[in-house]
Structures are given as C-alpha cells and as structure tokens.
Amino acid sequence: GQNIDQPTEMTATEGAIVQINCTYQTSGFNGLFWYQQHAGEAPTFLSYNVLDGLEEKGRFSSFLSRSKGYSYLLLKELQMKDSASYLCAVPSNDYKLSFGAGTTVTVRA
Amino acid sequence: EAGVAQSPRYKIIEKRQSVAFWCNPISGHATLYWYQQILGQGPKLLIQFQNNGVVDDSQLPKDRFSAERLKGVDSTLKIQPAKLEDSAVYLCASSQSGAPTMGQFFGPGTRLTVL
C-alpha cells in the first residue's frame, strides 16, 4: 500500500512563494502526481515527476527525490486564485492513484 | 474536447434510501474510476474499470455499493441503502490507456448528503 503525508494547511501572502512538501512510502514507484482542487470543484492535473530533480512549469514547479521518498510543489508569485487544496498522489503498478489528504493553501492580500 | 460529465451534481437523501450516480468519461478513455472524497480528505478509490471489466473493486463496500459499465463507456455507481457516513463527494475520473503519465481527468463530482 501507499502512505502519503502532507501538511494540512498553509497560509501565504499574495506575491510570495509557498512550498508544499509531500513524503511517501510505496511498495513500488511509478512517479508522483500533484493535483490542484478548488473548493467544490474537481481535482485538476498540475504535474507528474518520475525522475529526480526539479521540473518547472510557469509559476509552479515540482521536485522529486526518489531516494528520500520526498516531493514538493513550489508556487511562486502567489495569486488569490491559487487558494485551493493541493493533492499529492502516487500511482500503484497499474496506475491506480493513492492520494494524500491534501494541503489547503490560503492566499491573503 | 469535452471533459468527464457527471450527474446529478448534488443529491440529498435520507439514510436507508437508495441513490445512483452517472458518469460519462472522456471519449476514447478506456479506464474509468470512481472515487469517494470525504470532506477534508483526499479522494479514495472505490472501483476501477478497464473498458467494461472491473480491474479493482477491493475498496468498494460491496454490501451496499455497486457499479457497472455495461457498454464500456458510461458508468453508474449505486448505494443501497445509504448510511450517514456515505455523505461525501463522489468523483468519476477517466484516463487514456497507454498514457498513464498524463494522469486522470476528473469530473465535477456529485455531492451526496445523507440525513
């Protein structure tokens, strides 16, 4: 099975940077996903990492260290619309996703 | 490209009643998933279909939950009878076979309240 941990809540100011950490324990590794979920809406795909290192996509970047069982999602130049829950998810060998509980990010003016 | 469609969006029922949810995945997506998301938690997989066959239903409470995908496209999830603890958002997702790194595409969900 998969065991995924991420902080429950984070608060940051508009324009700032926030880093959301995720640690995982899996029986096999098939990459790691990050999803964004606004309140009352469906999760939407943000990133997928399978190799170690940092992948940048505009204001959002995702980092993976397979040896440490660790990933983070970095949100830069925060905007009010970034207030959402961010879900870390790890797929099994047949790509069923196990999700963390999610980190609720609140962006304040 | 149309996304994953779900209906109804909201449903309120009393305990012991029955309820059914419908999902239409993205065209061409062979794999379909139903998740249960309780408030404050991440989605939990209930059942996974590949075309019209069940791949994994190990976390589906089979005494009260059932799901089908008869023609390999649309799917329905049923709860009979509902309990208070079934109050949650039920998310349907689909993915393209052979492209697992694209992740799963989620529908808007059905918010179920059991009174």
Side-chain angles (χ1 to χ4, degrees), chain A residues 1-10 20 22-24 26-51 55 57 60 62 64 71 73 84-106, chain B residues 1-7 9-10 21 23-26 29-50 53-60 88-113:
Chain A
Q2 333 280 41
N3 189 24
I4 302 165
D5 288 311
Q6 51 182 131
T8 305
E9 294 180 341
M10 302 183 76
I20 307 167
C22 171
T23 57
Y24 62 89
T26 62
S27 51
F29 186 72
N30 298 286
L32 185 143
F33 289 91
W34 283 97
Y35 281 82
Q36 180 191 58
Q37 187 176 27
H38 284 101
E41 297 182 14
T44 55
F45 171 86
L46 285 178
S47 67
Y48 173 72
N49 293 65
V50 66
L51 300 176
E55 292 203 8
K57 262 190 206 179
F60 292 6
S62 54
L64 176 68
S71 173
L73 181 69
S85 179
Y86 292 84
L87 299 160
C88 176
V90 176
S92 62
N93 288 336
D94 51 4
Y95 292 93
K96 292 191 294 288
L97 290 178
S98 292
F99 285 87
T103 301
T104 299
V105 171
T106 302
Chain B
E1 176 182 85
V4 177
Q6 289 187 249
S7 67
R9 291 295 312 277
Y10 304 92
F21 313 129
C23 172
N24 182 242
I26 292 173
H29 281 194
T31 310
L32 184 146
Y33 312 81
W34 282 102
Y35 290 87
Q36 179 192 59
Q37 186 173 24
I38 293 171
L39 188 64
Q41 299 182 18
K44 183 186 87 170
L45 181 70
L46 293 174
I47 189 168
Q48 176 186 354
F49 291 94
Q50 180 75 18
V54 175
V55 174
D56 185 350
D57 62 358
S58 58
Q59 301 221 72
L60 188 74
V89 175
Y90 290 85
L91 294 164
C92 179
S94 68
S95 65
Q96 192 174 359
S97 296
T101 61
M102 296 297 293
Q104 298 173 16
F105 295 82
F106 286 82
T110 297
R111 183 176 297 277
L112 174 67
T113 301

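Note that this is a predicted model, so its numbers are computed, not measured. Below, chain A is the first sequence line, B the second, and so on; all start at residue 1.
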Min side-chain heavy-atom separation B/P43-A/L87 under 4.5 Å: yes
Does any heavy atom of chain A fall under 4.5 Å from the side chain of B/V89, the backbone, both, or neither of them? neither
Can you check whether B/F106 reaches A/F45 side chain to side chain, under 4.5 Å on heavy atoms? no
One option among B/T31, B/D56, B/L45 has the most heavy-atom pairs under 4.5 Å with chain A, and it is B/D56
Would the A/F99 and B/Y35 ring centres measure less than 6.0 Å apart? yes
Would you give the length of the straight line joining atom NZ of A/K96 to atom OG of B/S95, rounded to the nearest 0.5 angstrom? 11.5 Å
Which atoms of B/Q37 approach chain A - backbone, side chain, both or neither, heavy atom under 4.5 Å: side chain
If you count heavy-atom pairs under 4.5 Å with chain B, which of A/A42, A/A89, A/P43, A/G102 comes out on top? A/P43
Contact origin within A/L97 toward chain B - heavy atom pairs under 4.5 Å: both
In terms of heavy-atom proximity below 4.5 Å to chain B, should A/Q37 be classed as side chain, backbone, both, or neither? side chain
Short side-chain to backbone donor-acceptor contact, A/Y35 and B/Q104, under 3.5 Å: yes
Got a second to check how far B/Q41's CD is from A/S85's OG, nearest 0.5 Å? 11.5 Å
